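By convention here, the first residue in the shown sequence is residue 1. Keep in mind the model is a prediction, meaning the values are calculated, not measured.
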Amino acid sequence: MCGIVGMVGTTPVNQRLYDALTVLQHRGQDAAGIATTDGEELCVRKGSGLVRDVFDQQDMEDLRGVIGVGHVRYPTAGNEGAAEAQPFYVNAPYGICLAHNGNLTNARELAEVITREDRRHLNTSSDSEVLLNVFASELQRIGMPRAASQDIFTALHGVYRRCRGGFAVVAMVIGHGIVGFRDPNGIRPLVLGRRESAKGPEWMLASESVALDMLAFQFVRDIAPGEAVFIDEQGRLHSQQCADAVNHTPCIFEYVYFARPDSVMDNISVYRARMRMGDRLAEKILSARPDHDIEVIIPIPDTSRTAALQLAQRLGVKYREGFTKNRYIGRTFIMPGQEQREKSVRRKLNAVEMEFRNKVVLLVDDSIVRGTTSAQIIELAREAGARKVYFASAAPPVRYPNVYGIDMPAASELVASGRTDREIENFIGADWLIYQALDDLVAACRHEDAKIKEFDTSCFSGSYITGDVTPQYLQRLQDERSDAAKASRRGEERRGALRVVRNS
């Protein structure tokens, strides 16, 4: 999962791209990058770390131009670190910079074709670089000294024909403008905004509407599944349906965890969806234990607050902020590697003892993925004096890998894989574990004005909507992207660095 932004302005866009990335920082903390152009020269700065750490004053001054794209990275496919920071760039045709959110399910096959038949070179193991080279190759086939909007859409028809998976993309074609497009199922989000300036209209594409709000852009609409838009240097908007929309099925985990609560995506308010998750959980608890003994409801900050507060109101139970969060520790779920996630929990959360002492506590979290974080939080609650610790998840059990851009590649790392609810309850050390039902989660996210009937629920249901996910693919994913595989790569990189030092 990553955050992307693209902008065509009438004044320099460097500061606004930076500000947009800070708003989207929750979508990725591994690396950040910005690329701008004044129509002739390309300016790029990217590196490992948070947005505030990657860019300094000189970097911002060097990012000249009124057109640009930006990216915050959360590693799923590929390796970690600066080498795979986006946007990626190819110099032909025209010069293209691309930023991508999602995951291509046929990236390996495409990489082989690109190198063998298209005769293009790949510098990284990232599927984003593969997607960039597919786009560049298709655009080069047209062979025009300058591409018109229809030429760009023709190239994107080829991209859709070749690429599978979940993706949202912004790309800057130097001397032309900004391109944005979204996968045929609309799994990954992309929104369009507009702002009027004294010199004419300005346009912005972003992963979430909150980025538009922050920069005073008016929300225009969501980019439709299979649709591409092109905003030229003169600020003119062109759009075309470049692939048939198979079935609009946005990722439901966006509403559970990833998106900010003040975002609206596919005409669904994230905040309202999380409120309804709390309502549905309350109904399930009252059905299972009408005479429950819950004395206080405490959210695991921050994502679960909205659902927990609504749950407390429906049950008529006190809501309390029982954990104080260290704001300088990143989101635990998107940290690379289980060891780092485990070490961060106690640094991130501290219990307010008076809210736990001698009480029956219901802890509420957005989801339970690997289970080790939940177990540590329950241990913190017991150390603070809780008499009983119940645990509620606003999402169903995560039993299957996610292949569309969320870091859940290995079923063996998911606590719910192969375990019953009671076994999970024992694993995390809860006195009672309550999961949201999948039908209730879907009902909580569905909204009649959105006209969305289904969601991508693959990590809960095991149903992969692109229809190309085989057991062999899932095994390969686990071999390449599990925590063990990532740890092995980091070890090889460290050993390689040591060899260089010793030989120098």
Side-chain angles (χ1 to χ4, degrees), residues 26 253-263 269-286 292-327 329-334 341 344-357 359-396 398 425 428-436 440-441 444-445:
H26 60 284
F253 217 77
E254 289 277 359
Y255 303 95
V256 170
Y257 175 79
F258 269 105
R260 274 184 37 158
D262 44 346
S263 283
S269 162
V270 176
Y271 179 77
R272 293 266 180 196
R274 289 177 184 169
M275 285 182 66
R276 292 190 289 267
M277 290 176 208
D279 288 333
R280 295 282 175 160
L281 263 179
E283 292 171 10
K284 185 170 183 179
I285 289 172
L286 290 172
H292 67 81
D293 57 348
I294 302 167
E295 296 177 82
V296 61
I297 291 176
I298 294 175
I300 313 301
D302 289 312
T303 322
S304 63
R305 281 196 171 107
T306 307
L309 181 56
Q310 191 72 4
L311 172 60
Q313 290 177 346
R314 290 293 300 270
L315 294 184
V317 174
K318 289 186 296 183
Y319 170 92
R320 291 289 186 268
E321 292 284 344
F323 291 106
T324 299
K325 184 177 181 180
N326 181 348
R327 301 291 173 186
I329 300 292
R331 298 183 91 181
T332 310
F333 174 70
I334 62 175
R341 281 187 291 267
S344 73
V345 173
R346 285 183 178 270
R347 296 200 304 265
K348 184 168 94 168
L349 296 178
N350 190 46
V352 180
E353 187 176 326
M354 63 182 293
E355 298 297 351
F356 292 90
R357 193 184 306 121
K359 294 177 183 175
V360 178
V361 178
L362 174 63
L363 302 180
V364 181
D365 208 349
D366 51 78
S367 58
I368 305 171
V369 180
R370 291 166 176 87
T372 50
T373 298
S374 303
Q376 291 180 70
I377 291 171
I378 290 170
E379 185 179 345
L380 286 175
R382 294 198 189 281
E383 289 174 359
R387 192 167 76 253
K388 291 182 184 178
V389 183
Y390 302 152
F391 203 97
S393 168
V398 178
E425 182 179 276
I428 65 175
D431 294 298
W432 182 34
L433 172 62
I434 313 101
Y435 273 114
Q436 184 89 265
D440 287 339
L441 176 62
C445 294

Atom [atom1] of [X] and atom [atom2] of [Y]: how far apart are they, to the nearest 0.5 Å?
X	Y	atom1	atom2	value
K348	Q376	NZ	CD	10.5 Å
L380	N350	CG	CG	7.5 Å
Q436	R280	CD	CZ	8.0 Å
D440	M277	CG	CE	11.5 Å
L363	S374	CG	OG	9.5 Å
I377	T372	CD1	OG1	9.5 Å

Quick one: closest heavy-atom pair of [X] and [Y], and the distance?
X	Y	result
I294	L315	CD1-CD1, 4.3 Å
P301	L349	CG-CD2, 3.6 Å
I434	I285	CG2-CG1, 4.1 Å
A394	L281	CA-CD1, 3.8 Å
A395	S367	CB-CB, 4.0 Å
A312	I297	CA-CD1, 3.5 Å

Evaluate the side-chain proximity of [Y] to [X]: yes if any heavy-atom separation is below 4.5 Å, no if none is.
X	Y	answer
E321	R305	yes
Y390	D293	yes
E425	Y435	no
H292	L362	no
Q310	V364	no
V389	R382	yes

Exercise for the section: For F356 and I298, run side-chain contact (heavy atoms from CB on, under 4.5 Å): C-alpha distance rounded to whole Å, both residues' side-chain angles, the deciding distance at 0.1 Å, then the answer. Expected result: CA-CA 9 Å; F356 292 90; I298 294 175; 3.6 Å; yes

Exercise for the section: Return yes when atom OH of Y271 has more than 12 non-hydrogen atoms of other residues, nucleotides or ligands closer than 6.0 Å, and no otherwise. Expected result: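 Atom OH in Y271 is not packed in, count stays at 12 or less.
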
Handout entry: Sole candidate of K388, R320, R387 that passes salt bridge (charged side-chain N to carboxylate O under 4.0 Å, His left out) when paired with E295
Key =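 Answer after filtering K388, R320, R387: R387.
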
Practice task
May I ask you to say whether D302 pairs ionically with K325, meaning some side-chain N is under 4.0 Å from a carboxylate O?
Solution key: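 A salt bridge links D302 with K325.
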
Practice task
Would you check if the side chain of R274 reaches a backbone N or O of Y255 as a donor-acceptor pair within less than 3.5 Å?
Solution key: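 Yes.
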
